[in-house]
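In what follows, a single structure is set out as structure tokens and then discussed.
A, B, ... follow the sequence lines: proteins, then strands. Residue 1 opens every chain.
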Amino acid sequence: MSSRWPLIATMIVMLAVAGCTTANPAPVSSKNAAAAETQPIAIRFAMQAGDAAITCTDGAAALGASQKSVQFNDLRFYVSNVALVNGAGEAIPVTLVQDGMWQSGVTALLDFEDGAAGCADAGNAEMNTTISATVAAGDYRGIQFDLGIPTPDNHQDVTLAPSPLNLPAMWWNWQGGYKFVRIDLKVAGQESTPTSGAWFIHLGSTGCISANEATAPTTACMRPNLATIRLDNFDPAQNIVVADMAALLAQVNLAESAPMPPGCMADMDDPDCIALFPAFGLDIATGTCPTAGCPTQTLFRIQ
Amino acid sequence: MKRRPSPAAILGIALALAGIALVGMGMAQVVRTAQADRAARALAVEPNALEVQMAQAQAAQPVEPAAGSAIPLPRGFPPMRVADDNPPTPAGIELGRYLFYDTRLSGNGAQSCSSCHRQELAFSDGRALPTGSTGETLLRNSSALVNVGYNPTLTWANPTLTTIEQQALIPLFSEFPVELGATGHENEILARLAADADYPARFAAAFPNQSDPITWHNTVLALSSFVRSLISGDSAYDRYIAGDTSALSAAAQRGMESFFGERFECHHCHGGFNFSASTVHANSTMSASNFQNNGLYNVDGAGGYPQGNRGVYEITGEASDMGRFRPPSLRNVELTAPYMHDGSIATLEAVLQHYARGGTVTTSGPNAGDGSTNPNKSPFVPGFNLTEQEAADLVAFLKSLTDEAFITNPQFSNPFTALRQEMRQ
């Protein structure tokens, strides 16, 4: 499969170039995509609470509107269609290294959980914090990526899909597709409540219609929830992309969650999601960002 | 053996992508394997849901052996991960079948593997706790042997036990408590096999080019191959997913919706083709072991589990591993009562009540406590309201996972019984 995949990836990139999918905030340059000179690039990510790194073991203090301490039981998210933005404002797609593990086609998994402590429930030992790619030589000043998995790849058999799309913990079913983001929290002091203090953040497409959960939909999900994030002032050599849990949860009261499920599993009617979704830049009713580049998102920042 | 899309599949993907471009929308069922040509057809004809299901059934992958093995796999099952040093062969599987049913493998000749793993019960034994060959009561419920070749870890709660070959040594040689009790009888048991009329030829066929193939190592390899061959994927549910909409009753279909829904959360630990989050296969790339605390006990109010049955904690010593056990496959679950690692819940209906309550309350005795407030409990076991109708529907769905062909397959049956029947005829 691996030998065929670059071809398929190229075709998907071409599709994106043709502008048939969601609007891109920066015009994607087609002439540069075929530029002769390319350079290897490492795009580093971090998960933090403010300035503090977070892990399965260490957790974080004073998160959310009620300033709760939490442990983390999962810390993973997919990104896709990664591009660097040049001085002219053009988004130049990067080509992911096809490593058979963390990156496949245009999609990469960023995995900050190590399977320790509470992450033992659904996690594993392996971790990945960096995207490895090549990109046309140039002077880049920004970054753009989709938080999630491209729609054409989102409804497939998790047992046959290439890594990292082969993780059942990051997959709902054929119908719903993948969890683009899985951040599981356990709120301190609430471990003996019926939900064990859980506060889940599972972001993915919703309103996906098919005959049953074991069947893929044949029409678009009503709410893709696939945010195209654009961040300025990013120099890959100097900066890292930070996913900041303090910012994500700033408007969320972790001391309570609306009845079932605990936290947000992307349900547009769940009050927990209504409080959380603005931090992704997403309009919960439409599952899209009202403005290209999702400028109102607060989860990601450059550091 | 990696799967490679055929040229037709590549063409299918191209057609599907072209289809997306033409209709000017961002969605189509596009996957990167043989399903892609299906997607192209789906775009072209706008089928209804039933037609999509039927198309998937027709385009289903043919039954194919696992990599280099003699084990056919059902539709929807990925290739099994098989140890390089024990590829399944027909002769090895058949030898393992004889050994599995042979009481001569126990020290005192009283039991075989099948004493606690009966085919008609999906290779479970119907008891809360089994009794070993010398009369000792074991600590944990006999596991059903269903698709265990897909288990990343074997037994109920041991993250270090990753192959059937390792696991098989436990019932054979364990002393505390004694199961088959082969310890101290090692040479005697091998001598029994060597003196048999058939075993020398069966071992020689399974392990050719060995001067003395009747060894414990080969016995374990053959037993493991037979256990690996115990594949179940032909239930009413499987037929329904393959397109036979008459395979499930209306109640079972409602139960299926509930099972995979977010209200009851069953699928988080019991999802996927094998109905278990503890599943690994040839296409897995990352660690897949899985253990969960489901709130069965809370003996000290601090998450404690009964002495001698504390789950992964007994291996790792980590407090957070207290009460964590492997979520078993639910295939054939109708046949594998009683339930849980200690067989403490008698029926499927009672299991649903356990999860509806978010844990079990033990009112008296040394294990008294409220499991629902166990601090190590999985967040996916919060409890829920369950109507009688919903419970009946869920039970109907769980019973649709029963595979009659599996429990009657003559290839899995007791060969000695079959031989006796032939001799009578």
Chain A contact via [X] - which portion, at a heavy-atom distance below 4.5 Å:
X	answer
B/Glu257	both
B/Thr285	both
B/Phe273	side chain
B/Asn293	neither

What part of [X] gets closer than 4.5 Å to chain B, counting heavy atoms only: side chain, backbone, both or neither?
X	answer
A/Asn73	side chain
A/Asn166	side chain
A/Trp172	both
A/Met101	both
A/Ile209	neither

Using a strict 4.0 Å threshold on nitrogen-to-oxygen distance, state whether A/Glu191 and A/Lys186 make a salt bridge.
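The answer is no: the pair does not qualify as a salt bridge.
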
Sidechain N-carboxylate O distance under 4.0 Å for B/Glu318, B/Arg324:
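B/Arg324 and B/Glu318: not salt-bridged.
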
Does the side-chain hydrogen bond (donor to acceptor under 3.5 Å, both in side chains) test come out yes or no for A/Tyr78 and A/Asp146, once each step is laid out?
CA-CA 8 Å; A/Tyr78 288 103; A/Asp146 294 345; over 6 Å; no

Contact leader toward chain A among B/Thr373, B/Asp370, B/Asn376, B/Val312, where contacts are heavy-atom pairs under 4.5 Å
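Option with the top pair count is B/Thr373.
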
For A/Leu167 and A/Leu109, work out which heavy atoms get closest and say how close.
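Of all heavy-atom pairs spanning A/Leu167 and A/Leu109, the closest is CD1-CD2, 3.4 Å.
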
Using the six-membered ring wherever Trp is involved, compare the ring planes of B/Phe397 and B/Tyr237 and label them parallel, tilted or perpendicular (cut-offs 30° and 60°).
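The arrangement is perpendicular - the two ring planes meet at more than 60°.
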
Going by ring-ring contact (aromatic ring centres under 6.0 Å, His included), name the residues that satisfy it together with B/Phe384, two or more places apart in sequence or in a different chain.
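Per chain and number, B/Phe384 pairs via ring-ring contact (aromatic ring centres under 6.0 Å, His included) with B/Phe264.
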
Quick check on the interface: out of A/Thr195, A/Asn124, A/Thr159, A/Val158, who has the most heavy-atom pairs with chain B under 4.5 Å?
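Among the listed options, the one with the most contacts to chain B is A/Thr159.
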
Output every pair passing side chain to side chain donor-acceptor pair (under 3.5 Å) with a member in residues 196-207 of chain A, not counting sequence neighbours, ordered by first then second residue.
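Those involving residues 196-207 of chain A are A/Asp184-A/His202, A/Thr206-A/Arg223.
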
How about B/Phe380 and B/His268: are their ring centres within less than 6.0 Å of each other?
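Aromatic pair counts; centres sit under 6.0 Å.
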
